[in-house]
Amino acid sequence: QVQLEESGGGLVQAGGSLSLSCAVSARSMSTYAMAWFRRAPGKEREFVAIISSGGSKTYTTSVLGRFTISRDNIEKSLHLQMNNLKPEDTAIYYCAASRSGSVRPVDFDTWGQGTQVTVSW
């Protein structure tokens, strides 16, 4: 059984920063691929950033240079540092785990409840 719980969302002005965290309730997360997804109003869910069990990272183009994903396998947490936020980053952000270790977005099978990020003009 794996449970994920996001925190750190909120309201911020464009150009500001937020740091999201995800607490992973599991025996171990070291073999999981982990990711942040988001769903903006009127849009489909998209991946934001993925970090493999080995630590390699993939970002969606729109956040390159602004967001950083990281993981702490000892603390069992996942983080997303978001800098230079833009209004188009407004979305519900979800922590996700791929228990198989696959880094394909479609293979993420465990989800948190989401945390709202709102970026104002």
Side-chain angles (χ1 to χ4, degrees):
Q1 185 178 3
V2 180
Q3 292 184 332
L4 309 175
E5 184 173 4
E6 303 92 338
S7 62
L11 175 64
V12 66
Q13 290 186 334
S17 298
L18 282 174
S19 181
L20 304 184
S21 296
C22 173
V24 181
S25 178
R27 192 164 300 169
S28 175
M29 64 175 282
S30 62
T31 62
Y32 300 168
M34 301 294 298
W36 291 96
F37 289 76
R38 67 186 180 188
R39 186 186 295 275
K43 293 187 176 182
E44 295 295 315
R45 181 185 64 196
E46 66 170 345
F47 92 91
V48 177
I50 298 171
I51 183 166
S52 73
S53 61
S56 61
K57 302 171 183 180
T58 304
Y59 298 94
T60 194
T61 302
S62 64
V63 309
L64 275 172
R66 300 189 297 121
F67 290 12
T68 302
I69 188 171
S70 61
R71 64 192 293 160
D72 187 330
N73 292 337
I74 303 302
E75 189 176 287
K76 292 195 284 188
S77 61
L78 178 74
H79 304 273
L80 185 69
Q81 178 63 46
M82 305 185 292
N83 297 325
N84 192 24
L85 283 160
K86 304 177 184 297
E88 53 262 44
D89 295 319
T90 294
I92 300 174
Y93 283 71
Y94 298 91
C95 174
S98 167
R99 291 175 291 169
S100 72
S102 170
V103 296
R104 296 197 310 163
V106 296
D107 288 334
F108 284 83
D109 56 5
T110 305
W111 299 84
Q113 82 288 347
T115 185
Q116 177 70 47
V117 171
T118 303
V119 184
S120 65
W121 291 102

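Everything quoted here is computed from the prediction, not taken from an experiment.
Here Glu5 contributes atom CD and Ser21 contributes atom OG; the two are 11.0 Å apart, rounded to the nearest 0.5 Å. Once rounded to the nearest 0.5 Å, the distance linking CD1 of Ile51 with NE2 of His79 reads 10.5 Å. The OG1 atom of Thr90 lies 8.5 Å from the CG atom of Leu11; values are rounded to the nearest 0.5 Å. To the nearest 0.5 Å, atoms OG (Ser100) and CG (Asp109) are separated by 6.5 Å. Note that the CZ atom of Arg38 and the NZ atom of Lys43 stand 8.0 Å from one another [nearest 0.5 Å]. For the atom pair SG (Cys22) and CH2 (Trp36), the distance works out to 5.0 Å, reported to the nearest 0.5 Å.
Looking at Arg99, Lys76, Glu75 one by one, the single match for side-chain contact (heavy atoms from CB on, under 4.5 Å) with Met29 turns out to be Lys76. Exactly one residue among Ile69, Leu4, Leu20, Asn73 makes a side-chain contact (heavy atoms from CB on, under 4.5 Å) with Leu78. That residue is Ile69.
Under 3.5 Å, the side chains of Ser30 and Ser28 contain a donor-acceptor pair of N or O atoms. Side chain to side chain, Ser102 and Ser98 fail the donor-acceptor criterion of an N or O pair below 3.5 Å.
Using a 4.5 Å heavy-atom cutoff, the side chains of Met34 and Cys95 are in contact. You'll find the side chain of Ile50 stays beyond 4.5 Å of the side chain of Tyr59, heavy atoms only. Contact annotation: the side chain of Leu85 approaches that of Leu18 to within less than 4.5 Å [non-hydrogen atoms, C-beta and beyond]. Here the side chains of Val12 and Met82 are not in contact, with every heavy-atom distance at 4.5 Å or above.
Ring orientation note: the planes of Phe67 and Tyr93 are tilted relative to one another, at an angle of 30° to 60°.
Within the 3.5 Å criterion, the main-chain N or O of Gly114 finds a donor-acceptor partner in the side chain of Glu6.
Under the salt bridge (Lys or Arg N to Asp or Glu O under 4.0 Å) criterion, the residue pairs touching residues 59-72 are Arg66-Asp89, with sequence neighbours excluded.
Between Ala14 and Pro87, the closest heavy-atom pair is CB-CD, 4.1 Å.
Ring pair Phe37/Trp111: centre-to-centre distance below 6.0 Å.
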Item checked: CA sep, side-chain torsions, deciding dist, call: Tyr94, Thr115, side chain to side chain contact (heavy atoms under 4.5 Å, CB included) -> CA-CA 7 Å; Tyr94 298 91; Thr115 185; over 6 Å; no
Item checked: Trace of the side chain to side chain contact (heavy atoms under 4.5 Å, CB included) decision for Val119 with Gln13 -> CA-CA 5 Å; Val119 184; Gln13 290 186 334; over 6 Å; no
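When the side chains of ILVMFWY residues are joined at heavy-atom separations under 4.5 Å, either directly or via intervening members, Phe47 and Leu80 end up in two distinct hydrophobic clusters. A chain of hydrophobic side-chain contacts below 4.5 Å, direct or via other Ile, Leu, Val, Met, Phe, Trp or Tyr residues, connects Phe108 to Ile92.
Other residues, nucleotides and ligands contribute more than 12 heavy atoms inside 6.0 Å of the CG atom of Leu64.
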